[in-house]
Amino acid sequence: MIKGCNMDKLDKIFSSFISNNLFKNKSVLQSNYSPEQITHREAQIESVASILAPALRGERVSNLFIYGNTGSGKTLSVRYVRDKILEKLQELGGDYLQFIYVNCKLKKVADTEYRIVAEMIHELKGSIPATGLPTDQVYLKFIEMIDVKKQVIIIILDEIDEAVKKISDRFIYTLTRLNSELKNAQISIIGISNSLTFMDHLDPRVRSSLSEEELVFPSYNALQLQDILRVRAEQAFKEGVLEEGVIEKCAAYAAREHGDARRALDLLRVAGEISEREEGTKIKVEHIDSANQKIEKDKMLDIVEKVPKQFQLVLAAALSLHKNKIEEIFTGDVYNTYQDLCQKTRNEVLTQRRVSDILAEFDMLGLINTRVISKGRQGRTREIKLMLPGPIQDKAEEILQKSLYL
DNA sequence: GTCAATTCACATGAAAGAGACCACGGTCTAGTG
DNA sequence: CTAGACCGTGGTCTCTTTCATGTGAATTGACGA
């Protein structure tokens, strides 16, 4: 019935998209892009390179531990050095050096010791079932694979703090001790972490072996962010698309978030997309603001939607309490409301212990903000504040209703 | 009024269970020569 | 004789429960001024 009009509209959207493309090459702004040149990280790259250089002679290199805030170029720099070394290696015609890159934060990878080792085997082009084998079998297979010849293996564990948090530091210990079981190959580990305090919680033995060398990546300041953005923007956008002050604003926003360059690039990209959708020909300063909001919003709603049902129930309980204008929400209140909700929707009721954990996880995800307070004789509890801004709240409620009632 | 003990309502930890998934090896079956 | 189907065992993973211990300040009640 509205077919005709619909088609016209779609047609318009498509054609405007084609004719009015602000981007020259959008992938430059995506987070997995590796640029030719890395701005403002020369010193760190040199350090990494000089630490890893002995590998080119087939010698084992020191374990290296790198830390710095998110988006300070850690992963980028390490990958850059890796690629350069591999290039050099090819020039020399050697094959006695291999890198294994594992990002411990990716959901399917992290979580367990088993999967991290399995992922390493994957990186080496081996195959291993996703589950079903004893963990030591997996280690055995890994050892078998790398010990076939004399070679240096450099394992890059990105976001290693996540892995240690989930598992324990035992697996790093096992990894460092693997060398004694190897006859031919040698292993070195590069650990990359966002958390500066991560090291403090480690077993001293692990700590000393992992941080034979240490490197800090300082956060970018606003000026450095501007430089980075300029270089990328030039490649990403067509000429004259960026309005005056856009880069500066972008950099300022990101600098506020601990100088997160990834964030800055995201902002710029999303701003471009927004402007494009509005069929504008320029990216204006206002677009950065909208982009900032949109990124937040998308992130949160995404979580609301993807989280398991029990989580959604808990969130719905907290949300309804909040809607009833109850200023101070505590764990007990949420639990009671949650129980009612479960009965209404015929869902299983979990124990308070579990709900407490779920709330803690929401805190981690940033949907709520909790603070453990003691109310004296009224006991100890979490004080819960919802972190969803108004318009997002409505959307979230919509999503929750849909997935809980239907 | 002051001080230490009490007490609440959870937080936080550790361990273990349930149910799903999976690999592996052994056994059975049907098809082939 | 052999390939494939089928089973039992033993392993992991995730979510959850059970049991146990910890905790910070309002409250209480004894005490002394």
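Residue numbering restarts at 1 for every chain, and letters A, B, ... go by the order of the sequence lines. All values below were derived from every heavy atom in this structure, side-chain atoms included, with hydrogens, water molecules and symmetry-related copies excluded.
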Would A:Arg263 and A:Asp266 satisfy salt bridge (charged side-chain N to carboxylate O under 4.0 Å, His left out), going step by step from the backbone distance to the final call?
CA-CA 5 Å; A:Arg263 172 82 184 192; A:Asp266 274 347; over 6 Å; no

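- The aromatic ring centres of A:Tyr67 and A:Phe65 sit less than 6.0 Å apart.
- Residue contacts for A:Val355: at a heavy-atom cut-off of 4.0 Å it reaches no nucleic acid atom on any strand shown.
- Rounded to whole angstrom, the span from the CG atom of A:Asp357 across to the C1' atom of B:dG13 amounts to 10 Å.
- A salt bridge is absent between A:Glu144 and A:Lys141: the closest approach of a Lys/Arg side-chain nitrogen to an acidic carboxylate oxygen does not fall below 4.0 angstrom.
- For the pair A:Asn336 (side chain) and A:Asp333 (backbone), a donor-acceptor distance under 3.5 Å is absent.
- A:Lys74 and A:Gly68 make their closest contact through NZ-O, 2.9 Å (heavy atoms, listed as atom of the first residue, atom of the second, distance).
- Evaluation of atom-type donor-acceptor distances gives a pair under 3.5 Å for the side chain of A:Arg380 against the base of C:dT23.
- OP1 or OP2 of B:dT12 sits under 4.0 Å from a side-chain N or O of A:Arg382.
- A:Thr331 has no side-chain polar atom (N or O) that falls below the 4.0 Å cut-off from OP1 or OP2 of B:dC10.
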Candidate pair A:Arg382 and A:Asp363, rule salt bridge (charged side-chain N to carboxylate O under 4.0 Å, His left out), full reasoning
CA-CA 11 Å; A:Arg382 276 202 183 87; A:Asp363 187 24; 5.7 Å; no

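- Summarising the geometry, the separation between CZ on A:Arg353 and P on C:dT18 is reported as 13 Å, rounded to the nearest angstrom.
- The two residues A:Phe217 and A:Ser77 have their closest heavy-atom pair at CE2-OG, 3.4 Å.
- Electrostatic pairing of A:Glu286 and A:Lys284 does not count as a salt bridge here, judged by no charged N lying under 4.0 Å from a carboxylate O.
- The CD atom of A:Glu328 sits 14 Å away from the P atom of B:dC10 (whole-angstrom rounding).
- Here B:dA11 presents its C1' atom at 15 Å from CZ of A:Arg354, a figure rounded to the nearest Å.
- Taking atom CD1 of A:Ile329 as the reference point, atom P of B:dA9 lies 19 Å away to the nearest angstrom.
- The nucleotide whose nearest atom lies closest to any side-chain atom of A:Gln352 is, among B:dC10, B:dT12, C:dT12, B:dC10.
- DNA chain B lies under 4.0 Å from no heavy atom of any residue of residues 299-321 of chain A.
- Distances were taken from every side-chain heavy atom of A:Arg115 (C-beta onward) to each of C:dC15, B:dG13, C:dT14; the shortest belongs to C:dT14.
- When rounded to the nearest whole Å, the span between CD1 of A:Ile373 and P of C:dG22 equals 23 Å.
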If you restrict it to nitrogen or oxygen atoms, what contacts under 3.5 Å exist between nucleotides 3-7 of chain B and the protein, and what is each distance?
residue : atom : partner  : partner atom : Å
B:dT7   : O4'  : A:Arg377 : NE           : 3.3
B:dT7   : O4'  : A:Arg377 : NH2          : 3.1

Worked verdict on A:Glu273 versus A:Arg269 for salt bridge (charged side-chain N to carboxylate O under 4.0 Å, His left out)
CA-CA 6 Å; A:Glu273 284 166 3; A:Arg269 178 172 50 82; 3.5 Å; yes

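- The phosphate of B:dC10 (OP1 or OP2) has no side-chain N or O of A:Ser374 nearer than 4.0 angstrom.
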